[in-house]
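Structure first, commentary second.
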Amino acid sequence: LYRSQAHLSHTLRKSLFALRALAVSILAFLLFAPLVKRINRTVEKPIIILALDNSASIAFAKPTKFNLEQYTSQLRSLEKKLASDYEVRSFNFSGDIKQGLDLTFSGKLSDISAVFRLTNNQFANRNVGAIILASDGIYNRGANPQYESKDLKAPIYTIALGDTVPKRDILIANINYNNLVYLGNQFQIEVLTEAYQARGLTSKLTVSDNSGIVFSQPISIASNEYRTTVPILLQAKHKGIQHYTINISPIDKELSTKNNSQTIFVEVLDGKENVLIIANTPHPDLSALKESIDINKNYEAKVELADQVSDDAIAKASLIILHQIPSVTNPAPDILKRVSGKPLLFILGGQSNISAFSTAQNVLGITSSGAMQEAIARVQPDFYAFTLSEATKAKLQNFAPLQAPFGNYGIKGPTSVALSQQIGKVATTMPLLIFGNDNQRKIGILAGEGIWHYRLEEFQETGTHEAVDELISKTIQYLSSRDDKRKFRVYSPKNTFDESEYIILNAELYNDAYELQNTPDVSVTLKENNGKSYSYLFSKSGNAYVLDAGILPAGEYVYHATTNLGNKKYTATGQFVISQQQVEFQQTIANHQLLHSLAQQSGGKMLYPNQLDELPKLIQANERVKTISFEDRQYEELIHIKWIFFLILTLLTAEWFARKRNGEI
């Protein structure tokens with residue numbers, strides 16, 4: 001191109017040639033799609049986790065010369081020093097774990113293992129250099145910290161707080177009791193009392209209820225580390241929630257009287273509900289059913305064979321379970337007549353007379369030749385008679401199949417299907433567990449035998465029977481419960497809450513057709529036994545109402561809820577109690593042995609508060625605390641590198657500009 005253009009200077013022609021040749025060469029080279037290796041390096045500083053015990057025991061049983069304000073100031077100074085070389089994450093923990101160094105030393109519980117769970121979960125695959133744990137070693141919630149920390153690869157530096165020297169104190173260390181008893185019965189509580197550095201002194205243990213002192217016993221302290229368990233028999237005289245105050249009188253110059261008293265709440269029920277299991281013949285299902293029913297202290301199960309059951313047992317029963325009755329060998333018309341009017345749960349199996357069963361109730365009809373088939377449980381999402389937990393739903397669908405009658409299933413009327421049958425890999429509409437009403441009584445049908453397999457399989461996998469117990473317990477509760485005809489209902493999920501729990505109330509409002517409504521507002525007033533009141537407005541949730549009242553002070557509460565539907569006013573009342581948590585005052589001697597073991601097994605060191613200035617040097621000297629550099633190697637096509645585009649553009653632009661300047665364009 002430029003050889004023939006003699007009017008241009010020799011130097012210009014060579015320059016133009018070089019510009020064009022270089023641009024064309026680069027473009028031609030890019031046609032080969034060459035690859036280029038790129039290396040990106042990322043540097044990650046070690047993470048130092050600073051976890052501080054914020055529970056009440058730190059301030060309660062501190063050494064005489066220990067200054068909390070000075071200690072807090074030293075921790076903030078330590079945090080600043082470490083932040084210059086490391087990434088510092090600060091947390092405080094008591095019953096739960098929170099970010100920051102906002103220390104009040106008022107936590108009701110101590111869960112040291114929460115620090116290690118958070119490290120394993122939130123900082124997995126991160127460069128955790130070290131954990132600094134400041135605590136007195138006392139824990140009363142969560143797992144053993146040594147077990148939780150065994151998989152950590154970072155050293156643990158512990159700061160030993162509290163005092164290991166016993167001080168004069170007498171306290172109620174623990175109370176063993178059943179929170180459900182029955183009206184008119186005697187029940188026992190066991191009170192464990194402890195005393196330190198108080199040999200030769202005396203005290204008095206008393207138990208009081210609303211009527212006054214119901215038990216009194218002197219305590220003579222025989223040693224400087226004294227423990228004794230006092231069994232106490234009490235009488236359940238009144239129905240409802242009863243509170244008992246257990247108190248031990250103070251001794252001279254003791255550390256604190258906060259741990260001298262505890263209040264327990266006992267719910268007194270007016271008798272158990274009797275569940276009668278009538279069986280055709282002995283079967284492993286019977287034992288499984290009885291064990292799951294007896295888990296609930298409100299129910300008592302009894303097993304009888306069909307040819308031995310008495311009229312008295314039937315009369316006392318709130319619910320009757322017919323296991324493979326009617327049977328092939330015994331259609332049992334007399335049994336069906338004797339249980340008339342009682343809520344029933346039919347359990348079908350290989351011995352069942354399917355024809356007699358189908359005519360005995362108006363819920364489910366089955367046409368069967370007597371053959372059996374394996375049926376896996378499938379949870380129905382539109383079942384609302386009662387609620388199963390998500391864990392239970394998942395387990396039920398993975399259990400081995402039950403033996404169900406093979407045939408055609410026909411639902412006779414309005415029913416609720418809790419479980420349907422899956423045959424092999426095919427999900428069917430045939431019910432496995434179904435509920436309905438027959439002549440104004442509740443009827444349940446479990447169309448399969450072998451539920452004892454469920455208990456064995458769950459115990460083998462998890463070591464518990466929780467899913468099976470929940471399924472059977474809620475089935476029994478639903479069938480035995482009397483229909484609630486109230487149009488306005490307010491209830492709490494339980495009668496006793498811990499002091500740190502959120503208080504939840506639920507409400508339901510029905511119109512004359514017994515359809516759920518949540519158009520009007522629902523207000524509620526919670527009144528504590530000391531006279532203080534709290535007023536709230538329920539939130540609307542679905543077709544019902546829910547109230548989260550948050551955390552309230554310990555005590556007995558009565559609630560009074562009101563609403564209006566049309567020109568009718570509705571009210572509902574109830575009660576619950578909030579138990580005071582005093583576990584932080586029940587152990588006053590620091591456990592520095594635990595802190596030493598945590599540090600030793602992880603390659604760290606235990607220090608005392610006056611040694612905090614040594615921590616940065618110790619961490620810096622630890623070869624396991626290192627900055628990590630990550631290399632990310634990637635291969636990409638050269639054509640994707642942007643500066644090459646601009647190089648080619650610059651070359652062509654320079655050539656065009658030179659040609660333009662010299663009149664070639």
Side-chain angles (χ1 to χ4, degrees), residues 56 60 108-109 140 168-196 198-223 225-252 254-272 297-298 494-500 528-531 553-558 575-588:
F60 173 64
K108 303 293 185 182
L109 299 165
N140 40 53
R168 177 175 290 185
D169 196 21
I170 188 168
L171 57 103
I172 297 172
N174 190 38
I175 302 174
N176 294 319
Y177 67 100
N178 289 326
N179 56 7
L180 285 176
V181 298
Y182 295 93
L183 187 65
N185 289 354
Q186 282 189 325
F187 63 98
Q188 179 174 288
I189 65 174
E190 292 181 344
V191 181
L192 173 62
T193 61
E194 297 180 357
Y196 300 95
R199 184 172 62 180
L201 300 179
T202 60
S203 180
K204 180 185 285 188
L205 178 68
T206 59
V207 179
S208 306
D209 63 7
N210 291 331
S211 63
I213 296 176
V214 295
F215 176 86
S216 177
Q217 178 176 310
I219 301 291
S220 298
I221 304 170
S223 65
E225 289 192 8
Y226 180 76
R227 292 179 179 84
T228 185
T229 300
V230 181
I232 302 170
L233 274 178
L234 299 175
Q235 187 78 24
K237 297 179 180 179
H238 305 285
K239 183 180 177 182
I241 298 175
Q242 308 297 321
H243 81 271
Y244 296 88
T245 301
I246 296 90
N247 184 73
I248 191 161
S249 61
I251 57 177
D252 186 41
E254 71 170 299
L255 174 65
S256 174
T257 58
K258 289 183 178 180
N259 49 20
N260 288 35
S261 179
Q262 285 195 48
T263 299
I264 64 173
F265 295 91
V266 176
E267 185 175 2
V268 180
L269 303 175
D270 191 5
K272 289 186 177 182
K297 296 179 181 179
N298 295 328
K494 54 185 179 179
N495 292 328
T496 304
F497 295 88
D498 288 331
E499 193 175 10
S500 58
E528 197 179 355
N529 55 352
N530 63 7
E556 297 178 62
Y557 290 81
V558 174
Q575 67 180 108
F576 60 86
V577 295
I578 302 175
S579 301
Q580 188 174 21
Q581 292 180 318
Q582 293 182 319
V583 290
E584 283 295 300
F585 307 115
Q586 292 172 357
Q587 186 174 350
T588 60

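All values below come from the heavy atoms of this structure, side chains included, with hydrogens, waters and symmetry mates left out. Treat the numbers as computed from the prediction; the structure is a model and nothing was measured.
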Taking it one step at a time, do Ser249 and Ser203 satisfy side chain to side chain donor-acceptor pair (under 3.5 Å)? CA-CA 5 Å; Ser249 61; Ser203 180; 2.8 Å; yes
State the CG-CG distance between Asp169 and Leu255, to the nearest 0.5 angstrom.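 One finds 5.0 Å between CG of Asp169 and CG of Leu255.
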Atom pair CD1 (Ile246) and OG1 (Thr263), whose distance is rounded to the nearest 0.5 Å: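 Output value for this atom pair is 7.0 Å.
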Can any side-chain N or O of Arg168 pair as donor or acceptor with the backbone N or O of Asp252 at less than 3.5 Å?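 Such a contact is found between Arg168 side chain and Asp252 backbone.
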Check: Ile172 main-chain N/O paired with Gln262 side-chain donor or acceptor under 3.5 Å: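 At least one qualifying donor-acceptor pair exists.
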Smallest separation among heavy atoms of [X] and [Y], with atom names:
X	Y	result
Glu190	Gln188	OE2-NE2, 3.4 Å
Ser261	Asn247	CB-OD1, 3.5 Å
Phe215	Ile213	O-CG2, 3.3 Å
Asn179	Phe265	CB-O, 4.1 Å
Asn260	Pro250	ND2-CA, 3.5 Å
Asp498	Ile578	O-CG2, 3.8 Å

If the test is side-chain contact (heavy atoms from CB on, under 4.5 Å), which one of Ile264, Val577, Asn210 qualifies with His243?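 Considering Ile264, Val577, Asn210, a side-chain contact (heavy atoms from CB on, under 4.5 Å) with His243 is found only for Asn210.
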Partner set under salt bridge (Lys or Arg N to Asp or Glu O under 4.0 Å) for Glu254, not counting sequence neighbours: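 Salt bridge (Lys or Arg N to Asp or Glu O under 4.0 Å) check on Glu254 returns nothing, list empty.
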Flag the pair Leu205 / Ile232 as yes when at least one side-chain heavy-atom distance between them is below 4.5 Å, and no otherwise.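 SC-SC contact between Leu205 and Ile232 confirmed.
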Could you tell me whether the side chain of Phe187 reaches within less than 4.5 Å of the side chain of Asn178, counting heavy atoms only?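 They are not in side-chain contact.
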Check side chain to side chain donor-acceptor pair (under 3.5 Å) between Ser211 and all other residues, then give those that pass, not counting sequence neighbours.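 Side chain to side chain donor-acceptor pair (under 3.5 Å) list for Ser211, sorted by chain: Asp209.
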When the ring centroid of Phe497 is compared with that of Phe576, is the distance short of 6.0 Å?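 Close enough - the centres of the two rings lie under 6.0 Å apart.
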Residue pair Glu194 / Tyr196, side-chain donor-acceptor N/O under 3.5 Å: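 The answer is yes; a qualifying pair exists.
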Above 12 or not: heavy atoms from other molecules or residues under 6.0 Å from CD of Glu225?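 No - once you tally the heavy atoms of other residues, nucleotides and ligands closer than 6.0 Å, there are 12 at most.
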Not counting sequence neighbours, which residues clear side-chain contact (heavy atoms from CB on, under 4.5 Å) with Asn529? List them please.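 With neighbours one apart ignored, the set is Glu556.
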